[in-house]
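In what follows, chains carry the letters A, B, and so on, assigned in the order in which the sequence lines appear, proteins first and then strands, with residues in each chain numbered from 1. Keep in mind that the numbers below use all heavy atoms, side chains included, and drop hydrogens, waters and symmetry copies.
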There are 2 protein chains.
Amino acid sequence: MRPTVHDIAAEAGVSLATVDRVLNNRPGVRSVTRDKVERAIATLGYVRDVAAANLAKSRSYPLIFILPEGENAFMRGLEAEIEAARARSAVERTDITIVSVPAFDAAALANALDDARGHGPAGVAVVAVEAPEVVAAVARLREDGIAVVTLVSDLTGSQRDHFAGVDNLAAGRTAGSLMRRFLGSREGPVAIVAGSMRVRDHRDRLEGFTAAVNEGDAGRVLLPVVEGHDDPGEVEALVDDLLVAHANLAGIYSLGAGNRGLIAALEKAGRQSGICAIAHELTPYSRAALVSGTIDALLNQDAGHEVRSAIRVLKARADGLSMIEAQERIRIEIFLRDNLPVDPA
Amino acid sequence: MRPTVHDIAAEAGVSLATVDRVLNNRPGVRSVTRDKVERAIATLGYVRDVAAANLAKSRSYPLIFILPEGENAFMRGLEAEIEAARARSAVERTDITIVSVPAFDAAALANALDDARGHGPAGVAVVAVEAPEVVAAVARLREDGIAVVTLVSDLTGSQRDHFAGVDNLAAGRTAGSLMRRFLGSREGPVAIVAGSMRVRDHRDRLEGFTAAVNEGDAGRVLLPVVEGHDDPGEVEALVDDLLVAHANLAGIYSLGAGNRGLIAALEKAGRQSGICAIAHELTPYSRAALVSGTIDALLNQDAGHEVRSAIRVLKARADGLSMIEAQERIRIEIFLRDNLPVDPA
DNA sequence: GTATTTTTGATTTACGTACATCAAAAATTC
DNA sequence: GAATTTTTGATGTACGTAAATCAAAAATAC
């Protein structure tokens, strides 16, 4: 049987009230006594029964999720997963609020973080934009003892407790390696379409891709990176131009969102162009393009996993508990036509 | 605020005791009254607070894991994950027992299942071997109201509640597709090394691979499947023979375990042989071979995820609760040298 | 209508923890 | 050594559910 507070009291030779004072760092305990109790806790290997504690406290976890607005299919999928988590609120004792901010707008994001702080939540999950004011806003949250998790895109130099997202350097490398192997000896340059170099994940992917696609001998020519700001229309125009300017284009790596535009441009050009296309994130559009052969490979991060992970970590941090590291590792999923999960629709 | 049993009692106009009788199907309630209570439950959207209920019941979940013995690195890794879960028993209210049985031995497995039944656990997780006596043993467990989850390898036609493992048909297809794309126009046949056709996962992988590697035109010659029974020594001898017999061998697909033998044979032959090797399961050996370039791609199933998933599902089933489907989907992970997770060691 | 059985209500204790109150004991100050 | 402050103990209530007991009420049988 698992030891309880009563066992600690007996072991330490103090009353239940004193054990309670130590466990919940309430004042009025001499350090000698505190030591006795802490020794008893260590000896018995006591761990607080979180379920019972939460019951007694009627605890709930108010959490705030901040993510970019706009028609980015991945972000809307992420939001759907947060909604799904909200539906489980009763069971999980969470109370989730979703806040939308303009994409790639550091000032707006910093404001949203400060607003969140005003509500005194137990934790905040945020899709970060890298900027000093955002780092500062996160620091303020942490000073108030609010747990912070970055979601999808990390925030360099910040005090965030955890990053719920993939290793984007490795993701870029993986894309580069696949591009290299899929192209084999085929001639022609490779184009790269990004969203914005303002977000860490895009920068990381670019770096990884560039390194891996030319690993060994290769000598593959990479065209200058173009930015489509995750906007389908913008991306489509950019890819149209690329296809015109480079008749012998061998491959395209789309490392951001707006794949609807990429797919439209490629299909206009006719897939017989034989261009090897690698993109990110499984959405209804990109899925269809993978099945039809317009896209050759998709790298994906499981939005549902990220959201559930963020919630677990925020709850654990709010209670000062540890987490199961391996469970919170977000995988870089590689989808070919052959290993697509069953369509949920 | 979430409704409680008190709210139901008030809503239905009955006493707390009656609500309790209905909720825990105790006898002695007229069907008219039972209906009243059930309507109140529906109206208020009551869901039992599992944490509070478990506290009141001092409930624990005795679980039994049955897996094959032997030096199969993947299975030993799986066992380590079960041990890790056992270390969390106090927090998760589980009480986990591990049972080992000879590999590929249906009779021994059926006996182990019957033994497990004798202990009256809340649930059983089992790495299945396909055989009628195993199916029958699982049926007996289910008759006793014991939840059953198959782990890694499924059991066709059985009454198991859930399968915690990957879609091995898709895994085989994925391997085939990668082999086809990686080989490109390179000449030469492809060899296939299996463990045993007695387990469902190996049969499925073979089927998927065969279909995908020759998709489209391809016309790749596949050598007859050889069985190494997941034994490194046996596998090494088989691969040695293959390399001698087929000087122009283009690729090898190892769909079972015993990769230590495969790697040894390939390295003896010298990797300049330029054979494209694709195998399953990330272990210390296969990881090193992937890094060194002896193996080109590894398909993996996350043993930790499978174990945690099995536990979640068994607990939920034991309580008659539903699960988060997406969370229990075990992914087919594709590892290249470029997206290897950080070495835990 | 009485006797019997079945159904329902009222009440209590328990699970492990949190939190509050008040009295008693110990330590500190002067 | 008395007065004051700090520390500790004893006790009770609460969280939401489970489970048990016993009495009261209602339904059924004869």
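- When rounded to the nearest whole Å, the span between NZ of B:K36 and P of D:dA26 equals 12 Å.
- B:R59 has no side-chain polar atom (N or O) that falls below the 4.0 Å cut-off from OP1 or OP2 of D:dA18.
- Residue B:D20 places its side chain closer to D:dA18 than to any other of C:dA18, C:dT17, D:dA18.
- Nearest-nucleotide assignment on DNA chain D puts the 5′-proximal partner with A:V32, out of B:V5 and A:V32.
- Straight-line distance from the CG atom of B:L55 to the P atom of C:dA14: 14 Å, rounded to whole Å.
- For B:R48 and D:dG16, the shortest distance from a side-chain N or O to OP1 or OP2 is not below 4.0 Å.
- Nucleotide C:dA18 holds its C1' atom 13 Å from the CZ atom of A:R21, rounded to whole Å.
- Atom NE2 in B:H6 sits about 11 Å away from atom P in D:dA14, given to the nearest Å.
- Between B:A52 and B:T18, the residue anchored nearer the 5' end of DNA chain C, judged by the nucleotide with its closest heavy atom, is B:T18.
- In this structure, B:R2 does not reach the D:dC15 phosphate: none of its side-chain N or O atoms is under 4.0 Å from OP1 or OP2.
- The nearest whole Å value for the distance from the NZ atom in A:K57 to the P atom in C:dT17 is 12 Å.
- Neither OP1 nor OP2 of C:dT6 sits under 4.0 Å from any side-chain N or O of B:R30.
- Rounded to whole angstrom, the span from the CG atom of B:L16 across to the P atom of C:dT13 amounts to 16 Å.
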